[in-house]
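What follows is a set of notes on a single structure, which appears directly below.
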Amino acid sequence: MKPQILLLFIFFITPPCNNLLVSSNSPVSAPEKPDNETVYRVTKQLCWGCIGESFEFLLGHNLVRAAKLEIPLVWDFQLEKYAKWWAGQRKADCKLMHSFPEYEFKLGENIYWGSGSTWRPRDAVRAWAEEEKYYTYATNSCESGQQCGHYTQIVWRSTRRIGCARVVCDSGDVFMTCNYDPVGNYVGERPY
């Protein structure tokens, strides 16, 4: 296993240890069976679901990039923080809209909406990646009436970092967003 991949793997499987240490002044005794509230609190601190979703987003993107021999993306916590902020803004209405005004993108951004609460990061990445069938590399164009920008952002050669978020909206539907840096999709340039 390459060192970068091993480091990434260790990062995603090693949980944070905030507030889980026992005080050195406490007498050591047989562990008590934790109650449901304690289990919930510790699980929330570990945030296995968050780590799993992050890994699912990252792995999905990097598999698509690997097919075009592009350098894998790395997870960026600042981009994740931004994506979580935007997903939080959409929680009330689940409206499929970008966080930037049109044509004023400072970051690359893909957004996804799914009816019902079972949609996962792999579903969003798959939907974006499926746009490849509408993209023609030779002419660097997208089939008329179709979208290709989500796909081309995923495989954009100079993009290095990604951060994403998923939220179940008040309506019960799902909104997901991914942000990319550096931004891609420059008019007239090929993605790879």
Side-chain angles (χ1 to χ4, degrees), residues 1-9 11-12 50 53-90 93-114 119-167 174-192:
M1 199 179 274
K2 293 184 178 180
Q4 305 94 313
I5 296 171
L6 180 59
L7 180 61
L8 177 65
F9 182 71
F11 170 77
F12 275 111
C50 301
E53 285 182 358
S54 301
F55 188 70
E56 202 174 324
F57 276 120
L58 185 61
L59 179 62
H61 278 78
N62 285 336
L63 288 173
V64 176
R65 289 177 67 85
K68 298 301 176 192
L69 304 177
E70 289 300 323
I71 295 170
L73 299 174
V74 297
W75 194 256
D76 185 289
F77 290 99
Q78 288 301 103
L79 292 176
E80 176 188 31
K81 183 178 178 181
Y82 182 83
K84 283 183 175 181
W85 167 78
W86 185 242
Q89 297 299 303
R90 301 279 52 90
D93 60 14
C94 225
K95 193 170 183 183
L96 193 60
M97 61 187 285
H98 285 285
S99 65
F100 298 93
E102 193 169 353
Y103 304 113
E104 292 185 26
F105 287 92
K106 306 295 184 224
L107 300 168
E109 186 172 72
N110 283 345
I111 55 175
Y112 176 90
W113 170 86
W119 298 97
R120 303 287 309 153
R122 66 181 164 270
D123 299 314
V125 176
R126 184 181 307 117
W128 298 329
E130 285 177 354
E131 292 177 0
E132 179 182 15
K133 64 187 169 197
Y134 304 119
Y135 177 71
T136 305
Y137 184 81
T139 59
N140 191 30
S141 63
C142 191
E143 190 177 304
S144 180
Q146 299 297 330
Q147 291 187 10
C148 298
H150 302 103
Y151 164 71
T152 55
Q153 176 58 79
I154 290 173
V155 296
W156 198 263
R157 71 180 160 274
S158 61
T159 299
R160 296 292 179 260
R161 292 172 296 285
I162 184 176
C164 305
R166 173 186 177 274
V167 67
V174 170
F175 178 86
M176 289 183 258
T177 180
C178 288
N179 290 103
Y180 307 85
D181 186 56
V183 66
N185 288 337
Y186 288 102
V187 176
E189 290 186 29
R190 285 185 166 79
Y192 46 87

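Quick caveat: nothing in here was measured; it's all calculated off a predicted structure. Below, all heavy atoms of this structure are taken into account, side chains as well, without hydrogens, waters or symmetry copies.
- Scored by the side-chain contact (heavy atoms from CB on, under 4.5 Å) test, Tyr134 finds Cys142, Glu143, Gln146, Cys148 as partners (sequence neighbours excluded).
- Inter-residue side-chain proximity for Tyr180 and Leu107 is flagged as unmet; no heavy-atom pair is nearer than 4.5 Å.
- Of the charged side-chain nitrogens involved, at least one lies within less than 4.0 Å of a carboxylate oxygen, so that Asp123 and Arg126 count as a salt-bridged pair.
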Give the intermediate values and the outcome of side chain to side chain contact (heavy atoms under 4.5 Å, CB included) for residues Trp86 and Met97.
CA-CA 10 Å; Trp86 185 242; Met97 61 187 285; 3.9 Å; yes
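- Between Tyr135 and Tyr137, the angle of the ring planes goes over 60°, which puts this pair in the perpendicular group of the 30/60° scheme.
- Summarising the geometry, atom CH2 belonging to Trp113 is positioned 9.0 Å from atom CH2 belonging to Trp119; distances are rounded to the nearest 0.5 Å.
- Met176 is not listed as a side-chain neighbour of Arg120, based on a closest heavy-atom distance of 4.5 Å or more.
- The side chain to side chain donor-acceptor pair (under 3.5 Å) search around Trp156 returns Ser158, not counting sequence neighbours.
- Side-chain atoms of Trp128 come within 3.5 Å of backbone N or O of Ile111 as a donor-acceptor pair.
- Across all non-hydrogen atoms, the minimal contact from Ile154 to Ala129 is CD1-N, 4.3 Å.
- Remark: Ala87 engages Ala165, Val167, Phe175, Thr177 in a side-chain contact (heavy atoms from CB on, under 4.5 Å) (not counting sequence neighbours).
- The heavy-atom pair separating His61 from Phe57 by the smallest distance is ND1-O, 2.8 Å.
- Between Asn185 and Pro191 there is no side-chain heavy-atom pair separated by less than 4.5 Å.
- Every salt bridge (Lys or Arg N to Asp or Glu O under 4.0 Å) that Arg161 has, sequence neighbours left out, goes to Asp76, Asp181.
- Within the model, atoms CZ of Arg65 and CD1 of Ile71 stand 7.5 Å from one another, a figure rounded to the nearest 0.5 Å.
- From Arg122, atom CZ reaches atom CD of Glu53 across 10.0 Å, with rounding to the nearest 0.5 Å.
- Nearest heavy-atom pair, Pro121 versus Arg166, reported as atom, atom and distance to 0.1 Å: CD-CD, 4.0 Å.
- Between Pro182 and Arg160 the shortest heavy-atom distance is CD-N, 3.7 Å.
- Using a distance-only test at 3.5 Å, with no hydrogens or angles considered, a donor-acceptor pair links the side chain of Asn110 to the main chain of His150.
- Identified under the salt bridge (charged side-chain N to carboxylate O under 4.0 Å, His left out) test for residues 150-159, with sequence neighbours left out: Arg157-Glu189.
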Between Gln153 and Cys178, is the side chain to side chain contact (heavy atoms under 4.5 Å, CB included) condition met? List the steps.
CA-CA 10 Å; Gln153 176 58 79; Cys178 288; over 6 Å; no
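- Nearest approach of Glu70 to Tyr192, heavy atoms of both residues: OE2-CB, 3.1 Å.
- Residue pairs that meet the salt bridge (charged side-chain N to carboxylate O under 4.0 Å, His left out) test with at least one member in residues 127-139, sequence neighbours left out, are Lys68-Glu132.
- Leu58 and Leu73 make their closest contact through CD1-O, 3.4 Å (heavy atoms, listed as atom of the first residue, atom of the second, distance).
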